[in-house]
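The structure appears right after this line, and notes come after that.
Quick note on labels: first sequence line is chain A, next is B, and so on, each numbered from 1.
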Number of protein chains: 2
Amino acid sequence: MGKRISLKDIAEKVGVSTALVSYVLNGKEKEKRVGKDVVKKIREVAAELNYRPNQIARSLRQGWTKTIGLIVADIANPFFGTMVRVIEDEANKFGYNVLFGSSDEDSEKLGALIDTLCNRQVDGFIIVPPEGSDAAIKRLSEREIPIVLIDRKMKGQNIDSVLIDNYTATYEATNYLLDKGYKRIAIVANKSSLNPMSERIGGYCEAMKEEGLEKEIHIELIKYEHTRADMAESLDKLLLKESKIEALIFTTNSLSISGLYYFRNSELKVPEDVAFIGFDGDEAFDFFYSPITYIVQPVEEMGKESVRLLIDQLNGSRKTVQIRLKHSFIEQQSC
Amino acid sequence: MGKRISLKDIAEKVGVSTALVSYVLNGKEKEKRVGKDVVKKIREVAAELNYRPNQIARSLRQGWTKTIGLIVADIANPFFGTMVRVIEDEANKFGYNVLFGSSDEDSEKLGALIDTLCNRQVDGFIIVPPEGSDAAIKRLSEREIPIVLIDRKMKGQNIDSVLIDNYTATYEATNYLLDKGYKRIAIVANKSSLNPMSERIGGYCEAMKEEGLEKEIHIELIKYEHTRADMAESLDKLLLKESKIEALIFTTNSLSISGLYYFRNSELKVPEDVAFIGFDGDEAFDFFYSPITYIVQPVEEMGKESVRLLIDQLNGSRKTVQIRLKHSFIEQQSC
DNA sequence: ATTGTTTGTTTAATCGATTAAGCATATATT
DNA sequence: AATATATGCTTAATCGATTAAACAAACAAT
């Protein structure tokens with residue numbers, strides 16, 4: 001690898017100490033009273049040699065890396081892909097780069113990722129916390145490393161977070177179905193103790209109760225890494241065996257997609273036989289034979305806000321901020 | 001931020017020099033003949049203080065960062081998202097982390113990204129090169145920084161690359177349509193001088209010529225950042241005004257998706273009125289009213305191979321390797 | 001007793017940039 | 001003329017880990 005140019009090379013060529021070069025290239029020539037001719041000469045030589053500062057050296061000395069550690073569930077998932085993209089762009093604006101990893105919803109993997117990223121001295125973290133990661137997150141926050149949780153949060157921890165108001169999202173979606181006359185409404189959710197999932201379920205239950213339909217509450221729990229067969233089993237139970245559900249609310253994108261695959265091969269038609277509300281927009285929703293009505297989280301806004309919160313912390317803010325954004329409801333033809 | 005434990009802290013607590021601590025924690029206690037008791041003590045104290053090496057310091061000293069710079073067009077695009085995911089996992093296996101950026105198909109942005117990543121001393125690059133980035137890539141490769149191009153390559157540059165055999169992909173797809181009796185076949189492509197696009201067009205043309213259909217060759221070029229209106233204009237021209245095209249081959253995923261949106265609102269039906277071959281699998285393809293037949297690139301394999309090639313280079317390999325993988329053809333009901 | 005070898009440890013340089021502190025000159029002030 | 005202040009630059013420590021080289025003590029060989 002062709003040797004990179006260092007401050008020292010410039011200093012030698014100009015015939016001054018590295019201190020002066022550093023001052024000039026960091027725009028401190030006034031403050032540090034560097035002679036005009038020298039300033040000019042240093043600038044020239046730096047340009048001529050195409051000098052690029054070694055950020056590693058700078059980081060070691062300064063104690064920061066201008067790097068954000070970003071951990072999502074799976075970057076191959078378009079929802080998180082978009083989130084990462086927004087965070088990347090926003091972080092760049094503030095001079096930060098992003099080191100990232102996918103947790104696969106596995107708290108052990110999360111722990112390992114946090115370790116590597118810490119060793120690499122990231123300045124702060126933006127994390128989509130998986131189930132059971134409370135301890136890992138707590139440990140991190142006790143080390144006083146800036147963190148922002150996004151998309152989810154754990155109960156009762158005093159950590160910055162950016163979420164939508166999940167309760168209202170499903171509450172409104174349920175009411176939308178109720179208004180349309182559906183009564184036997186089921187919600188399809190993941191097994192999860194994390195805030196968003198319990199809120200999503202909570203919003204649905206509340207809306208059902210308000211209509212006096214507590215007996216019709218059906219909560220179908222499916223594990224995170226489910227197969228299409230798992231989904232088929234659950235939906236068969238809900239739609240055929242059990243109490244002939246008339247409408248389904250899905251609470252994550254991947255559950256929604258699995259649900260669509262089910263109806264693609266089912267006798268039952270959407271919305272004639274069953275109404276369908278999906279979660280988090282997807283092109284597939286648009287191309288389903290009856291385009292799917294869905295709840296979307298404002299990913300762009302969430303990403304931006306999370307960076308903003310993190311930067312605030314990095315700039316010394318000590319107060320905990322929990323941001324709640326509003327979801328959107330895209331009405332198409334599946335209900 | 002709670003002060004991190006350094007080698008020095010351990011050294012002081014044990015009462016030895018940092019050299020010994022470093023030897024022991026790097027498993028060189030035999031080679032460097034460190035006393036047994038001392039080894040034990042150092043290990044104990046390191047565990048007790050929960051020591052984590054500062055990778056920044058280590059990198060500065062060693063001259064490597066164990067970091068790969070990864071630049072794709074847009075990480076929010078599921079195709080690249082998956083690619084990034086695979087590369088991330090594969091790199092981790094070899095002890096590398098990934099610093100990434102999205103170029104937005106913009107060669108200037110690519111240049112800026114390369115600069116930042118170089119300043120951060122990444123050990124090597126995996127890049128999806130955008131149009132017009134020849135100079136930037138060349139400059140990088142002249143600095144003898146290991147690079148692997150993925151998904152695309154520029155003509156006549158002696159750089160490692162991982163691509164599918166694009167020529168054969170469209171050649172076979174075209175023959176598939178010809179076998180089914182379609183004659184008026186058009187290809188929808190991006191304006192691009194990059195290898196894959198010209199090969200994709202080339203394979204199509206060759207197959208058409210072999211059937212003596214050179215007069216029926218229709219190449220419709222659409223710019224990378226196109227709107228659905230752009231697509232509609234092009235397809236209207238091909239299907240309504242011009243020579244009543246019977247079949248369409250799309251050459252990228254986003255072109256395919258735009259195409260699907262067109263047919264979603266069109267009088268013309270797939271495949272009765274027009275046959276449709278998409279590019280790079282997508283859930284949307286499965287949910288279109290007549291599930292789309294498509295060409296897929298083996299993203300996982302491509303990602304893995306690219307990491308393998310890069311690691312080889314990082315381990316000192318000097319020979320240029322150009323890998324060509326085979327595409328797959330998923331037959332559904334759109335032709 | 002002298003020299004050589006092995007064992008176990010420390011010293012100090014190094015990576016590249018930053019920056020407080022110190023040291024000359026030159027100029028201004030009394 | 002003596003002192004103060006401003007100007008312009010250098011020295012050297014620092015961040016944390018690695019590692020060649022030097023060193024001391026114990027032991028073995030002659």
Donor-acceptor pairs are to be reported for all side-chain atoms of residues 6-13 of chain B against protein atoms at under 3.5 Å, with residues two or more places apart or in another chain.
{"unit_1": "B:Ser6", "atom_1": "OG", "unit_2": "B:Lys8", "atom_2": "N", "d": "3.3"}
{"unit_1": "B:Ser6", "atom_1": "OG", "unit_2": "B:Asp9", "atom_2": "OD2", "d": "3.4"}
{"unit_1": "B:Asp9", "atom_1": "OD2", "unit_2": "B:Lys3", "atom_2": "NZ", "d": "3.1"}
{"unit_1": "B:Asp9", "atom_1": "OD2", "unit_2": "B:Ser6", "atom_2": "N", "d": "2.8"}
{"unit_1": "B:Lys13", "atom_1": "NZ", "unit_2": "B:Glu48", "atom_2": "OE2", "d": "2.9"}

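Each of B:Arg52 and B:Tyr23 was assigned the nucleotide of DNA chain D with the nearest heavy atom; the assignment lying further toward the 5' end belongs to B:Arg52.
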Produce the list of close N/O pairs, under 3.5 Å, pairing protein atoms with atoms of nucleotides 24-27 of chain C; give distances to one decimal.
none

Protein-nucleotides 6-8 of chain C N/O pairs closer than 3.5 Å?
{"unit_1": "C:dG8", "atom_1": "N7", "unit_2": "B:Arg33", "atom_2": "NE", "d": "3.4"}
{"unit_1": "C:dG8", "atom_1": "N7", "unit_2": "B:Arg33", "atom_2": "NH2", "d": "3.4"}

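Identified under the side chain to side chain donor-acceptor pair (under 3.5 Å) test for residues 27-36 of chain A, with sequence neighbours left out: A:Glu29-A:Arg43. Pairs passing the side chain to side chain donor-acceptor pair (under 3.5 Å) check and including a residue from residues 72-83 of chain A, sequence neighbours excluded, read A:Asp74-B:Arg85.
With contacts defined as side-chain heavy-atom distances shorter than 4.5 Å, the pair A:Leu140/A:Cys118 qualifies. Using a 4.5 Å heavy-atom threshold, the side chains of A:Ile68 and A:Leu99 count as separate. Looking at heavy atoms from C-beta onward, B:Ile71 lies in side-chain contact with B:Leu117 at the 4.5 angstrom threshold. Using a 4.5 Å heavy-atom threshold, the side chains of A:Ile150 and A:Val72 count as separate.
Within residues 7-19 of chain B, the residues approaching DNA chain D are B:Leu7, B:Thr18, B:Ala19, by heavy-atom distance under 4.0 Å. For the segment residues 53-61 of chain A, residues with any heavy atom less than 4.0 angstrom from an atom of DNA chain D are, sorted by number, A:Leu60, A:Arg61.
For B:Phe80, there are no ring pair (Phe, Tyr, Trp, His ring centres under 6.0 Å) partners two or more places apart in sequence or in a different chain. Qualifying side-chain hydrogen bond (donor to acceptor under 3.5 Å, both in side chains) partners for A:Arg308, counting only residues two or more places apart in sequence or in other chains: A:Glu305. Shown here are the side-chain contact (heavy atoms from CB on, under 4.5 Å) partners of B:Gln62, two or more places apart in sequence or in another chain: B:Arg58, B:Trp64.
We find that B:Lys93 and B:Glu90 are joined by a salt bridge, their nearest charged nitrogen and carboxylate oxygen being less than 4.0 Å apart. The pair B:Lys109-A:Asp89 counts as a salt bridge, with a side-chain nitrogen and a carboxylate oxygen less than 4.0 angstrom apart. Using a 4.0 Å cut-off between a side-chain N of Lys or Arg and a carboxylate O of Asp or Glu, B:Lys40 and B:Glu44 qualify as a salt bridge. A salt bridge between B:Asp115 and B:Arg120 is absent, with no side-chain N of the basic residue lying under 4.0 Å from a carboxylate O of the acidic one.
Residues B:Glu88 and A:Ser102 have side chains that bring a donor and an acceptor to within less than 3.5 angstrom of each other. For the residue pair B:Asp160 and B:Gln322, no side-chain donor N or O sits within less than 3.5 Å of a side-chain acceptor on the partner. Remark: the A:Glu131 side chain and the A:Ser192 side chain contain an N/O donor-acceptor pair separated by less than 3.5 Å.
If one axis is set at each end of the helix from C:dA1-D:dT30 to C:dT30-D:dA1 from five pairs, those axes are 70° apart, to 10°.
Here the range on DNA chain D touched by chain B, meaning any atom under 4.0 Å from one of its heavy atoms, is D:dG16 to D:dA20.
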Salt bridge (charged side-chain N to carboxylate O under 4.0 Å, His left out) evaluation trace for A:Glu105 with A:Arg152: CA-CA 12 Å; A:Glu105 301 286 357; A:Arg152 316 177 189 162; 2.7 Å; yes
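Using a 4.0 Å heavy-atom distance criterion, B:Ser6 is classed as a sugar-phosphate-only contact. Within 4.0 Å (heavy atoms only), B:Lys30 reaches no atom of the nucleic acid at all.
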